[in-house]
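Computed from heavy atoms alone, side chains included, the values below leave out hydrogens, waters and symmetry copies.
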Amino acid sequence: MGVEPENTLRSFVRAEQCGMDAIELDLHLTKDGALAVMHDADVDRTTDGNGPIAEKTLAELRQLDAGLGEQVPVFEEVLDAVRSPLQAEIKDVAAARALAELMKRRDLVPRVEVSSFHDDAVAEIASLVPGVRTVLIASRWGTDIVDRAKAVGAASLALNIRRLTLETVERAHGEGLGVIGWVVNTQEHLRLVRALELDGATTDFPEIRRTGRFTA
């Protein structure tokens with residue numbers, strides 16, 4: 001988030017208090033198989049540590065400061081800390097399998113939507129968790145983006161607002177896919193969300209909530 005340390009319990013609670021429709025977060029597997037909540041594959045940018053998450057145990061991650069004294073949370077802590085719907089972005093197939101186990105154990109299909117930049121990760125979670133809602137994310141894409149989403153069973157596309165065109169939105173909507181724009185942090189981008197009649201948008205600033213339908 002733009003107003004709290006990103007991917008921390010503090011940021012998720014703040015987003016919920018601001019009335020966001022849903023909360024987006026990012027999942028990586030630790031060395032010992034925990035679903036750590038962090039955007040980057042390395043801890044360098046958002047903590048006082050360094051190195052890949054995949055090479056650290058959960059206990060080692062707990063020793064790091066993720067901002068304002070916050071710890072790196074695991075996904076189950078977020079589930080318990082807030083009641084909002086969640087969109088969990090998975091970074092690879094291994095994370096998809098770990099998330100699938102948790103979703104089935106805690107009956108999370110009604111609450112958790114799963115997204116990924118990776119077609120194979122979206123396909124994997126869809127095959128493992130019947131009824132899960134999935135989102136294919138893209139920053140750059142070709143004319144096949146709608147076909148790709150359909151091929152992996154995604155219900156929606158989350159696309160870079162700076163490159164999104166009306167043609168892509170109309171093609172997606174014509175095939176029954178929702179379209180989410182990211183990241184919508186300016187009034188210019190907000191006007192584009194409305195002009196393109198998007199189904200949602202992702203933002204770093206919860207105060208924009210009063211003008212549209214957003215995840216944070």
Side-chain angles (χ1 to χ4, degrees), residues 1-2 4-16 22-129 132-139 152 154 158 182-183 202 204 215-216:
M1 288 177 62
E4 298 285 0
E6 67 178 71
N7 275 305
T8 61
L9 291 181
R10 180 185 177 117
S11 71
F12 302 138
V13 170
R14 172 71 174 270
E16 184 168 71
I23 295 171
E24 192 270 348
L25 48 80
D26 308 279
L27 300 178
H28 289 271
L29 278 183
T30 65
K31 185 178 180 179
D32 49 349
L35 282 168
V37 181
M38 187 176 291
H39 181 274
D40 301 351
D42 298 329
V43 303
D44 303 49
R45 181 177 64 86
T46 56
T47 78
D48 59 350
N50 59 78
I53 296 173
E55 295 179 4
K56 298 183 183 298
T57 65
L58 179 58
E60 290 171 331
L61 283 180
R62 294 296 205 191
Q63 302 303 311
L64 304 179
D65 185 345
L68 300 178
E70 290 286 304
Q71 289 184 319
V72 177
V74 293
F75 188 47
E76 288 202 71
E77 290 177 319
V78 181
L79 291 168
D80 295 335
V82 298
R83 296 182 179 274
S84 299
L86 300 174
Q87 185 185 105
E89 180 185 335
I90 48 177
K91 303 299 184 177
D92 53 37
V93 170
R97 292 168 181 159
L99 179 59
E101 292 179 8
L102 177 61
M103 290 188 69
K104 288 187 285 189
R105 175 161 52 85
R106 293 192 55 165
D107 190 24
L108 296 176
V109 168
R111 183 181 176 194
V112 177
E113 183 177 59
V114 183
S115 63
S116 183
F117 278 90
H118 304 289
D119 300 48
D120 55 349
V122 174
E124 183 75 4
I125 193 77
S127 70
L128 294 173
V129 185
V132 65
R133 292 166 292 121
T134 55
V135 182
L136 180 64
I137 314 171
S139 179
V152 297
W182 62 267
V183 174
T202 299
D204 294 320
T215 60

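Counting heavy atoms from C-beta outward, F12 and L86 have side chains that stay 4.5 Å or more apart. A 4.5 Å side-chain heavy-atom check between E4 and L68 finds at least one atom pair inside the cut-off. Taking the side chain as every heavy atom from C-beta outward, V74 and L35 never approach each other to under 4.5 Å. Considering only heavy atoms from C-beta on, D120 stays 4.5 Å or farther from D92 through its side chain. Residues L27 and V37 meet the side-chain proximity criterion, which asks for heavy atoms closer than 4.5 Å. Annotation: side chain of L61 is in contact with side chain of T30 (closest heavy-atom distance under 4.5 Å). Proximity of H39 to T46: side-chain heavy atoms (C-beta onward) are nowhere separated by under 4.5 Å. Side-chain contact between I23 and V78 is absent, with no heavy-atom pair separated by less than 4.5 Å.
Partners of E60 by side-chain contact (heavy atoms from CB on, under 4.5 Å), not counting sequence neighbours, listed by chain and number: K56, T57. For E76, the side chain to side chain donor-acceptor pair (under 3.5 Å) test picks out R105, R106, with sequence neighbours left out. A154 is linked by a side-chain contact (heavy atoms from CB on, under 4.5 Å) to V122, T134, L136, A149, V152, counting only residues two or more places apart in sequence or in another chain. The side chain to side chain donor-acceptor pair (under 3.5 Å) test applied to D119 returns R148, not counting sequence neighbours. Contacts of D40 classified as salt bridge (charged side-chain N to carboxylate O under 4.0 Å, His left out), with partners at least two apart in sequence or in another chain: R45. Not a single salt bridge (charged side-chain N to carboxylate O under 4.0 Å, His left out) links E16 to another residue, sequence neighbours left out. By the side-chain contact (heavy atoms from CB on, under 4.5 Å) test, P85 is found to be paired with A22, residues two or more places apart in sequence or in another chain being considered. The salt bridge (charged side-chain N to carboxylate O under 4.0 Å, His left out) check on D32 picks up nothing, with sequence neighbours excluded. Evaluation of the side-chain contact (heavy atoms from CB on, under 4.5 Å) rule for E89 yields E24, D26, K91, S115, F117, I137 as partners, not counting sequence neighbours.
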Working note: Q71 + L64, criterion side-chain contact (heavy atoms from CB on, under 4.5 Å); need CA distance, chi angles, decisive distance, verdict.
CA-CA 6 Å; Q71 289 184 319; L64 304 179; over 6 Å; no
Where do V112 and L79 land on the side-chain contact (heavy atoms from CB on, under 4.5 Å) test, with the steps shown first?
CA-CA 9 Å; V112 177; L79 291 168; 4.2 Å; yes
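Looking only at distances, a side-chain donor or acceptor of S116 sits under 3.5 Å from a matching main-chain atom of I90. Remark: the backbone N or O of S84 is paired with a side-chain donor or acceptor of R111 at under 3.5 angstrom. Between the side chain of T47 and the backbone N or O of D44 there is no donor-acceptor pair closer than 3.5 Å.
The minimum heavy-atom distance linking A66 with P5 is given by the pair O-CB, 3.5 Å. Across all their heavy atoms, G49 and V43 have their closest contact at C-CG2, 3.6 Å. Among all heavy-atom pairs drawn from A95 and L29, the shortest one is N-CD1, 3.9 Å. Contact between V72 and A36 at its shortest, heavy atoms only, is CG1-CB, 4.4 Å. Closest approach of Q87 and E113 over heavy atoms only: NE2-OE1, 3.0 Å. Of all heavy-atom pairs spanning P52 and D42, the tightest one is CA-OD1, 3.2 Å.
With respect to the salt-bridge test (charged N to carboxylate O, under 4.0 angstrom), the residues R10 and E77 do not qualify.
For residues 94-104, the side-chain hydrogen bond (donor to acceptor under 3.5 Å, both in side chains) pairs, not counting sequence neighbours, are R97-E124.
For the atom pair CG (D48) and CD (Q63), the distance works out to 10.0 Å, reported to the nearest 0.5 Å.
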